[in-house]
Amino acid sequence: MPLRFYNTLTSSVEDFQPIQDMVVRMYVCGPTVYDYCHMGHARSYIVFDVIRRFLKYRGYNVIYVQNFTDVDDKILRRAAEMNLTPLEISRRYIAAYFEDFDRLNVMRADYYPRVSENMDSILDMIKRLVEKGYAYESDGSVYFSIDRMTEDVGALSHQSYEALRVGARVEVDERKRNPMDFVLWKASKPGECIYWDSPWGKGRPGWHIECSAMSIKLLGEQIDIHGGGMDLVFPHHESEVLQSEAFTGKKPFAKYWIHNGFLLINKEKMSKSLGNFFLIRDVLKQYPPEVVRFFVLNTNYQSPLDYSDAALEEAKKGYARLQNAVAEIQSRLGQPDGDPSGQDVARIAEESRAKFDAAMDDNFSTREALAEAFDFTREINRLMSGSLSHDELNQIMALYAHFSDILGIRWTAPAGEDVLSSELLKLIVDIRQAVRKKKDFETSDLIRSRLKDLGITIEDTKEGIKIKKS
RNA sequence: GCAGGGAUGGCAGAGCGGCUAAUGCGGCAGACUGCAGAUCUGUUUUUUGGGAGUUCAACUCUCCCUCCCUGCACCA
């Protein structure tokens, strides 16, 4: 079965067929960098990271672009508050972005264009739109004129021009010819400290134009996949389509549009105004990145995802189940080779891989794929009640590595502990073994429970002591 | 108002016109264990918001109703 997924443009699930054979040009709307990234960003970029990983696995040469919006009202406001320049603000939060998303094991994009570094392309695009009669200057600003495109309005959000016009609740801006026109270039207001020169005077770009300009510059006039959060469908992506297609004269601007669902906090929409948002860096103080990724991928990307302590705890346990199996396999690989199981381990792994891949082929159903990982794990745990050869263990491990490559969920935490503490831990565990030998269980349990308080779990098994850190 | 998405077992959350309604968490029982943990087995689960219809057969298709969520001009 070929790879297929939901395309917002056609509101149906379609087989994937890139414009150019085996090359996928993919653009994902990045954050406005005026603050630390929150869990909503985490969800979105983890989802697109997985989509990208899977496309690569399927053999496509993926060119992945994610922008940073570094010129924006909110950044200007933040800059004023913090007494810094807007670009100092954005630079700071871009650095924070990389800290957060590196920890979350999100692969780096091929390009990270920024508005402030692409002003020429943006201005060229606006100029050309004015020349072609799709945009007009008004009071130092430039607006995209909807009038020539009314037939195309609503292509993504599946609404008619009429419906949108009636529903528009924006207060009428005197400078617009049509209330649905949107701004391409904003004239500088007095006192604004960041601006660029343009044929219409000093100003800065509107929000939508940057993505079109940078996408066209880096990926060409038509791309395969354009992604972002569900909230961007309208008006942001809608506007991108209109201005890009007006500019290039080519349709479609993007062949496939993928949108991820919202993050809810205790069943309420997460929003900055409600104050119910969580920063990635705060969540990572409580849960390891693997658990956060597991949590995100345990729900299909289009559904709402409800963030709650209970949900994260559940993710933690689910992840632990998979991780326990991997830890056991690795521990056995560190021991002398055992007898083969007598089972067709290669076949079991092959079938499981096929099911996992099929789930991913079907609209990137990560939850379904994880269900398969759990099925596989149960089967492996059953096998591990007996003997397994290193060869078999390696075959099993290869499949876990595959899960990890696609989902970006690592099975072992990145190294980084210091030698002294690990030696001390070894010492404590040795002492505990000694008192256990003497059947002084009171002391051994005390040691175990005190270590547990420190997040270190000791398990006594037939094969020896297992140490786990949470 | 317009548009879109939902309502599934204690909870989270899949799927499919018929086959045991995935998977995880939780509860209970059993195996293993000094205890705990991990793991395995069984159970919780004839049941899929309400009503009507199509069909040999519907959780899955159609219609109606109720309720929830989201978007409607610069929030991923």
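Throughout, a chain's letter reflects where its sequence line sits, starting with A, and its residues are numbered from 1.
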When the [atom1] atoms of [M] and [N] are compared, how many Å lie between them, rounded to an integer?
N: B:rA7; M: B:rG53; atom1: P; value: 24 Å
N: B:rA22; M: B:rU48; atom1: P; value: 15 Å
N: B:rG9; M: B:rU62; atom1: P; value: 22 Å
N: B:rG5; M: B:rC19; atom1: C1'; value: 31 Å
N: B:rA14; M: B:rC25; atom1: C1'; value: 15 Å
N: B:rG24; M: B:rC63; atom1: P; value: 36 Å
N: B:rG18; M: B:rA3; atom1: C1'; value: 36 Å
N: B:rG17; M: B:rC56; atom1: C1'; value: 12 Å

Ring of [Y], cation from [X] - is the NZ or CZ under 6.0 Å from the centre and inside 45° of the axis?
X: A:Arg148; Y: A:Tyr134; value: yes
X: A:Lys74; Y: A:Tyr34; value: yes
X: A:Arg321; Y: A:Phe374; value: no
X: A:Arg52; Y: A:Tyr64; value: yes
X: A:Arg293; Y: A:Tyr319; value: no

Find the distance [X]:[atom1] to [N]:[atom2] and express it as a whole number of Å.
X: A:Arg448; N: B:rU33; atom1: CZ; atom2: C1'; answer: 10 Å
X: A:Asp231; N: B:rC72; atom1: CG; atom2: P; answer: 9 Å
X: A:Arg43; N: B:rC75; atom1: CZ; atom2: P; answer: 20 Å
X: A:Glu368; N: B:rA12; atom1: CD; atom2: P; answer: 19 Å
X: A:Gln302; N: B:rG15; atom1: CD; atom2: P; answer: 10 Å
X: A:Gln323; N: B:rG37; atom1: CD; atom2: P; answer: 18 Å
X: A:Phe101; N: B:rA76; atom1: CZ; atom2: P; answer: 11 Å
X: A:His237; N: B:rU70; atom1: NE2; atom2: C1'; answer: 16 Å

Watson-Crick/G-U partner (both atom distances under 3.5 Å) of [N]:
N: B:rA3; answer: B:rU70
N: B:rC28; answer: B:rG42
N: B:rG49; answer: B:rC65
N: B:rA36; answer: none
N: B:rG15; answer: none
N: B:rA22; answer: none

With a 6.0 Å cut-off on the ring centroids, do A:His237 and A:His208 count as close?
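No, the ring of A:His237 stays outside the 6.0 Å limit from the ring of A:His208, centre to centre.
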
Can you confirm whether or not the ring centre of A:Tyr112 sits under 6.0 Å from the ring centre of A:Phe98?
yes

Looking at [X], I'd like to know whether one of its side-chain N or O atoms comes within less than 4.0 Å of OP1 or OP2 on [N].
X: A:Arg321; N: B:rG37; result: no
X: A:Arg367; N: B:rA12; result: no
X: A:Asn381; N: B:rC40; result: yes
X: A:Lys316; N: B:rG24; result: no
X: A:Lys74; N: B:rC75; result: yes

Starting at the 5' end of RNA chain B, which residue's closest nucleotide do you reach first, A:Glu314 or A:Asp181?
A:Glu314

Between A:Thr299 and A:Gly30, which has a closest nucleotide on RNA chain B that is more 5'?
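Its nucleotide being nearer the 5' end, the pick is A:Thr299.
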
Checking contacts here: which listed nucleotide ([options]) is nearest the side-chain heavy atoms of [X]?
X: A:Phe182; options: B:rA73, B:rU41, B:rU39; result: B:rA73
X: A:Cys29; options: B:rA76, B:rG24, B:rC40; result: B:rA76
X: A:Ser303; options: B:rA12, B:rA14, B:rA73; result: B:rA14
X: A:Lys186; options: B:rA73, B:rC74, B:rA14; result: B:rC74
X: A:Phe262; options: B:rC35, B:rU70, B:rC25; result: B:rU70
X: A:Asn324; options: B:rA76, B:rU39, B:rA73; result: B:rU39
X: A:Arg378; options: B:rA76, B:rU41, B:rA73; result: B:rU41
X: A:Glu459; options: B:rG71, B:rC75, B:rG37; result: B:rG37
X: A:Asp375; options: B:rA73, B:rG71, B:rA22; result: B:rA22
X: A:Ala371; options: B:rG24, B:rA73, B:rA22; result: B:rA22

Look at all strands and tell whether [X] reaches a base, only sugar-phosphate, or nothing, counting heavy atoms closer than 4.0 Å.
X: A:Gly40; answer: base
X: A:His236; answer: nothing
X: A:Val183; answer: base
X: A:Leu263; answer: base
X: A:His38; answer: base
X: A:Phe374; answer: sugar-phosphate

Sort out for me which residue in A:Asp181, A:Ile126, A:Leu129 forms a side chain to side chain contact (heavy atoms under 4.5 Å, CB included) with A:Phe144.
A:Leu129

Could you label the plane-to-plane angle of the A:Phe356 and A:His402 rings as parallel, tilted or perpendicular, counting under 30° as parallel and over 60° as perpendicular?
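Perpendicular.
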
Would the base of B:rG13 count as contacting A:Asp306 through its side chain, where contact means a donor and an acceptor less than 3.5 Å apart?
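It does not, because no donor-acceptor pair links the side chain of A:Asp306 to the base of B:rG13 below 3.5 Å.
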
